J.: 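Provided herewith is a single structure, encoded as C-alpha cells, for subsequent inquiry.
Since the model is a prediction, treat every value here as computed from it, not as a measurement. Throughout, protein chains are lettered first and strands after them, A, B, ... in sequence-line order, and every chain is numbered starting at 1.
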There are 2 protein chains.
Amino acid sequence: MAAEQDPEARAAARPLLTDLYQATMALGYWRAGRARDAAEFELFFRRCPFGGAFALAAGLRDCVRFLRAFRLRDAGSPPSARRAPHARQKPPPMADVQFLASVLPPDTDPAFFEHLRALDCSEVTVRALPEGSLAFPGVPLLQVSGPLLVVQLLETPLLCLVSYASLVATNAARLRLIAGPEKRLLEMGLRRAQGPDGGLTASTYSYLGGFDSSSNVLAGQLRGVPVAGTLAHSFVTSFSGSEVPPDPMLAPAAGEGPGVDLAAKAQVWLEQVCAHLGLGVQEPHPGERAAFVAYALAFPRAFQGLLDTYSVWRSGLPNFLAVALALGELGYRAVGVRLDSGDLLQQAQEIRKVFRAAAAQFQVPWLESVLIVVSNNIDEEALARLAQEGSEVNVIGIGTSVVTCPQQPSLGGVYKLVAVGGQPRMKLTEDPEKQTLPGSKAAFRLLGSDGSPLMDMLQLAEEPVPQAGQELRVWPPGAQEPCTVRPAQVEPLLRLCLQQGQLCEPLPSLAESRALAQLSLSRLSPEHRRLRSPAQYQVVLSERLQALVNSLCAGQSP
Amino acid sequence: MAAEQDPEARAAARPLLTDLYQATMALGYWRAGRARDAAEFELFFRRCPFGGAFALAAGLRDCVRFLRAFRLRDAGSPPSARRAPHARQKPPPMADVQFLASVLPPDTDPAFFEHLRALDCSEVTVRALPEGSLAFPGVPLLQVSGPLLVVQLLETPLLCLVSYASLVATNAARLRLIAGPEKRLLEMGLRRAQGPDGGLTASTYSYLGGFDSSSNVLAGQLRGVPVAGTLAHSFVTSFSGSEVPPDPMLAPAAGEGPGVDLAAKAQVWLEQVCAHLGLGVQEPHPGERAAFVAYALAFPRAFQGLLDTYSVWRSGLPNFLAVALALGELGYRAVGVRLDSGDLLQQAQEIRKVFRAAAAQFQVPWLESVLIVVSNNIDEEALARLAQEGSEVNVIGIGTSVVTCPQQPSLGGVYKLVAVGGQPRMKLTEDPEKQTLPGSKAAFRLLGSDGSPLMDMLQLAEEPVPQAGQELRVWPPGAQEPCTVRPAQVEPLLRLCLQQGQLCEPLPSLAESRALAQLSLSRLSPEHRRLRSPAQYQVVLSERLQALVNSLCAGQSP
C-alpha cells in the first residue's frame, strides 16, 4: 500500500497544522534576519492533571511522524492526475505556501516564501522523555532545537500532538490503577471523541496508558491496538423473531457429525431454562432470541449476549442461556454477556449466581466462568465500585470518561523558548506561575535505594552528570535555601530522538511503551501514586540553574 | 491539487472509522440473510448540553463527505507507486477488508468479504437538520435509511462526526450570546484539542456557532474559516535588543519619500512616551522593543504588541507606544495590543485611558481606538465580566474552554434503529430514559405568531403535514393526556440531503450555516435562550405516534 493510501502518513503531512501567529512570527523572524538563529524550545506542563501527582509522557511517535514529513507544499509541485471517486466539485484548498501568502500582507517579500518552500526539519534535533515515562511539572517532555523560524513554527503542532496524548494516557493509567491488574479495560469512546483523529489518538494512548483493548477498528488497523467488540441494541431490536435465516444449520465445533438447526435447538433449551428460572416460556422476547441465534451462527466460538434490550431477567438472561446451552451441545462455549444499564455491580453478582446454578443444573461447568462485561458511563467512582473485592465483573467498557477526560479535558502544555544563539532566555512576567526556566538543560530522575523515584532534577546541559551515591545540593521550587539529597541511583530522562532530522533509534512499539508505563507506575511510591491528595513529587533545580534564574530575574546578563 | 493531496478528502476516506461491534454485527446480519433488509436509523441526543435548553446541529458536511467517499479498500486495489518523501520503513497498515478479516473468525465465509468489497452508500438516503439549525432532545439530526448492514456500519462514524461538531457549535453559540454581538471572538484552542482533526473540527464548528475567526491555519486553508493571529511571548523573549536587522529601514505608508530606521525612530519616541508616563527611559525592556520593531517591520499595517512578557506598565505599554508612534509618523496605524495574564478587564480599562491620554498628548487620534485583545483561560464567567457594559476589551481569544467544552465534554448522541423491513422498532429497556421512539418519522417546528418556536413535533412519516392555524392534539413527553396547540407557522425540520447516495442540493457554505445559526438563535424566545435555568423546550408526539409507542410498550404489534 502506498504512502498516500495510509491515512496516518497523510494525516501527519499537514504542515499548516499551526496557529496563524506562528506564521506571522516566522515572517517577523525572517524580516529581522533571525530565521536561522540557533534556538531551543522546551515543551512541558505546569501542573499534573486530575489532581494527581504524576502524568505519563505520550505523543512522541506522532511528533516524529509529523517532523519527518514536515514540508510546505507549493502549488508548483506536480499535481497528481487521480481524483477520489466521489470527489466534490468544490475547489480544492490552496497549497500551503499560497495559503500563507493569502493571509500575510500582500507586499510581503517573495524571498520569504522562497525560504518557506525550502523548509523542513533536517536541521531539527529533538530530545524527549520516552513514551510511557512518568512526567512531572516543568520537566521537558520534548527539547526541540534548530533554526529559530522552523522550531517556532513547530510550537502548535507539537503541543497539539503531545498534550492530549499525554492527558488521555494519564487518564487511562488512573483508571487502570483503580481497576487493578485483573479487570479487563476496553476503551469504547470513538463516538464521544473530537472527530476521527480525536478518537484514534484516544484509543492509541488509552492503550498505552494501561487499557487492554479498544473497540476502535481504525486504531487496530493503523496502530496495532488490540480490538474487541460485542453487539449493540440495534442488532437486537432489528429482529422480530419471524426472520428465517438462509442457513439455520450449525456444524459441531469438532467439525464432525451433522449440523443442527440452532434456533430450534435454542427453543428446546429455552423450555428447560425457563423451568429452571421459574419463568413462563413466552416471557423471553422472540426477537432477542433470534438476534442471539443470528449472532451465534456468525460467531459460534465468540458468542456474546447483550442482555438489557428488553428485560435482563425476564428476557435477556434466559435467551442467552438457551442459545449458550444450544451452542454448548455442539461443543462451543459462549464467551460473555454485556450489561449496559441499571446497577451493573448488583446485576453482575446475581447473574454470576444464575450462571453457577445453571452450570450445576445442566452440568456445563464452563458456564460459571462466562465473562460479564459492563458499560454505561463508567467514571472513576463507578469503576472503583465495579472493581471492589468480590466483584463478578470481568470486563469494563469505558467510553466518555476515558476519551473526554471530563475531570480536566486539557493538559495545559506549553512550549517555551529557553535559549537562542546560545544565550539563555526566560519569560519574566509579573505572574510567577508563568515564568519559565532558562537555558539548555539536562534532566535526571533521582531514585531511592528501593528504586522508587525521589525527585527529578533539572540542571544546565553543560553541568557534569550527577553521580549515584553522591550528595547533591538542589533547590526545590520557591525555596529560600537549598536542600541536599543523596540518590541511590540516577537516571537521565531525555533521550536523543531526532538528530538533525534523522531518527536516532527505532521508536519502541506501542506495546513496549505500554509496558514501560506500567513498570514506571509500579516503581512510583504509593504516596505519589495515589489518585486523591497525593504527596507532590518535587522537581528541583541544580545550584547553577537556580543561580541563572536568580541572575536573570535580577536583570543581570548570565 | 489532486484529491489525495487534500487532507480533508483523505481524512474522510477512512471507512474503518468504526467500532468493532459494527463489523461483528455486519457479519451477524449477513449470516442471517438480512444484509439488504431496508432499515432506518435516527441520530439524536437525549439532553441539551451545558444545562441549556437548545443545541445547534452541526457536522453534516463531514458526514456527507464521509458517506460519499465510503468504500472499503481491498489489498487487490492497484497500489500507487509513489511514497511520501520521508516514509517510515514500518510495514504499511493492512487494507480495510484484510484488516477486518484478521479480526473476524478465521472460518468466516469468504462471500461476506465479497459483500464488503462491493459496499458503498449508493443506496443510502439521509434526511437531516440543516447545519446551524436549533436542535432539541429526541428530534433527529439525521435520519439514515438503506440496507441494514451498511446503515448499521455507519453508526459510529456518523456519531463521531456529528456529536462533537454539534457540541462545540453549541458551546460557541453560548459564548457568543454571553459576549453580545459587538465583541470579536477568536478561537485559539488547537493546542488543547484532541489532536489535529479535533482542532480542525473545533475551529470549523466554533466559527459556525458564532465565533468570528480562528488562529488555526488549517481551518482557514481547508474550511475557509477566517484566520487571525498575533504574536507569542517566545517572539518577544527571543530578542535581547542587541540584534541588528539586515534592513532596519521602513518606507512611508504612502510609498513616497525616503525610508527611516524604525528602531532609531522608536527610540526617539520612547523618551517622549516615558516622560509622558513618568517612567525612566531605561525601564522598558530593550529586547521587547526590538521584538516590536521586528514585528512592525514585517507587519507595518498590522502591528500588534503583546504587552505582558516582562511588565505591562513599565515595559510592554511604553514599548508599544514608542513603536506605534514611530509607525504613525510614517503614516501607519497600529492595530492592537494583547494581554495574556492578570486582571484583563481592569488592565483594559487602564490601557484605554493611557491610549486616550497619549492620543491627546501626541495628537494621534487613532491611538484611542487601538484594539485591546485579551486571552488567558477565559470561560463563560470570565467572558461575562469582560463583555460587561463599558468594557474596553475589543477582541477575546478563547482556547481551552471553547474547544474542550469543559462544562460537558461530550454530547451523548445516539443512533437508534427505528424501522426495519417497513416495521417500526423500539428499544423497550427497563431504563425509561433509554427507550426510543419507533417508526419512520417527520419532524416539524411549531411557531407562535411572533415567529418564535413554541415546540417541535414528531409524527409518523405517513401522517399529513400539520397546517398553520390548525389546532393540533399532541402528547408532551410523559404526559397522561394530550394538549392542544394552534401554531401560527409550521416549519418542516428535516431536509432530504442524500438520496440513494446522490447529493440532492449543494450544501450551504460554512458562512451561510453560521448565519443560519445566528438567525435561529435570535428567533428563540428569551426563556429558552437563556443559559442558566432556561425553560425547557418541548418536543411533543402526534397522537398516532404516541399510540404506536403505547402499543409497542404494551407488546402489541403495531
Side-chain angles (χ1 to χ4, degrees), chain A residues 1-4 6-7 10 14 16-21 25 27-28 31-33 68 79-80 83-84 86-87 92-93 99 159-160 164 191-192 194-198 201 215 217-218 221-222 227 229-230 233-235 237-238 245-246 294-295 297-298 341 400 404 409-410 417 420 425 427 431, chain B residues 1-4 7 10 14 16-21 25 27-28 31-33 68 79-80 83-84 86-87 92-93 99 159-160 164 191-192 194-198 201 215 217-218 221-222 227 229-230 233-235 237-238 245-246 294-295 297-298 341 400 404 406 409-410 417 420 425 427 431:
Chain A
M1 185 186 282
E4 72 267 30
D6 170 3
R10 297 179 318 208
R14 290 187 177 186
L16 293 192
L17 170 67
T18 194
D19 284 305
L20 184 61
Y21 51 91
M25 289 192 286
L27 176 57
R31 180 67 176 80
R68 300 181 80 207
S80 165
R83 290 190 74 84
H86 299 274
F99 183 77
L159 281 170
C160 183
Y164 174 68
R191 62 188 58 192
R192 305 294 178 230
Q194 293 175 6
D197 274 4
T201 309
S215 64
V217 181
L218 212 54
Q221 183 186 29
L222 302 179
V227 293
T230 163
H233 295 105
S234 50
F235 189 81
T237 57
S238 80
Y295 200 83
L297 285 171
S341 55
T400 311
T404 69
S410 70
L417 183 70
V420 64
R425 284 290 185 268
K427 181 178 164 193
D431 181 349
Chain B
M1 186 185 284
E4 71 268 31
R10 298 180 316 207
R14 289 187 180 187
L16 294 193
L17 170 66
T18 193
D19 284 305
L20 184 61
Y21 51 92
M25 289 192 286
L27 176 57
R31 180 66 176 81
R68 298 180 82 207
S80 164
R83 292 191 72 85
H86 297 277
F99 183 76
L159 281 170
C160 183
Y164 174 68
R191 63 188 60 191
R192 306 293 177 231
Q194 293 175 5
D197 274 4
T201 309
S215 64
V217 180
L218 211 54
Q221 183 186 27
L222 302 179
V227 292
T230 163
H233 295 106
S234 50
F235 189 81
T237 58
S238 81
Y295 201 82
L297 286 170
S341 55
T400 310
T404 68
S410 71
L417 183 71
V420 63
R425 285 288 185 272
K427 181 179 163 192
D431 182 349

J.: Of the non-hydrogen atoms in A:Arg14 and B:Asp197, which two are nearest, and what is the gap between them?
T.: NH1-OD1, 2.7 Å

J.: Under 4.5 Å, counting heavy-atom pairs only, tell me which of A:Thr400, A:Thr18, A:Val420, A:Val227 racks up the most with chain B.
T.: A:Thr18

J.: Against chain B, label A:Tyr21 side chain, backbone, both or neither, depending on which of its atoms sit under 4.5 Å from a heavy atom there.
T.: both

J.: Is there side-chain contact between B:Gln194 and A:Thr201, with heavy atoms separated by less than 4.5 Å?
T.: no

J.: What's the shortest heavy-atom distance between A:Ser410 and B:Thr404, and which atoms?
T.: CB-CG2, 3.9 Å

J.: Which atoms of A:Val217 are under 4.5 Å from chain B, going by heavy atoms: the side chain, the backbone, both sets, or neither?
T.: both

J.: Could you tell me the separation between the OH atom of B:Tyr295 and the CE atom of A:Met25, rounded to the nearest 0.5 Å?
T.: 8.0 Å

J.: Side chain, backbone, both or neither: which part of B:Thr237 has a heavy atom under 4.5 Å from chain A?
T.: both

J.: Can you name the nearest heavy-atom pair linking A:Gly229 to B:Leu20, along with the distance?
T.: N-CD2, 3.5 Å

J.: Give me the atom names and distance for the closest heavy-atom approach of A:Phe99 to B:Gln221.
T.: CZ-N, 3.3 Å

J.: Determine the minimum heavy-atom distance between A:Ala298 and B:Gly28, stating which atoms define it.
T.: CB-CA, 3.8 Å

J.: When heavy-atom pairs shorter than 4.5 Å are enumerated against chain A, which of B:Pro406, B:Pro246, B:Pro245 gives the highest number?
T.: B:Pro246

J.: Taking every heavy-atom pair that is under 4.5 Å apart, which of B:Ser238, B:Gly195, B:Cys160, B:Gly33 has the most such pairs with chain A?
T.: B:Ser238

J.: Heavy atoms only: give me the nearest A:Leu417-B:Ser234 pair and the separation to one decimal.
T.: CD2-O, 3.6 Å

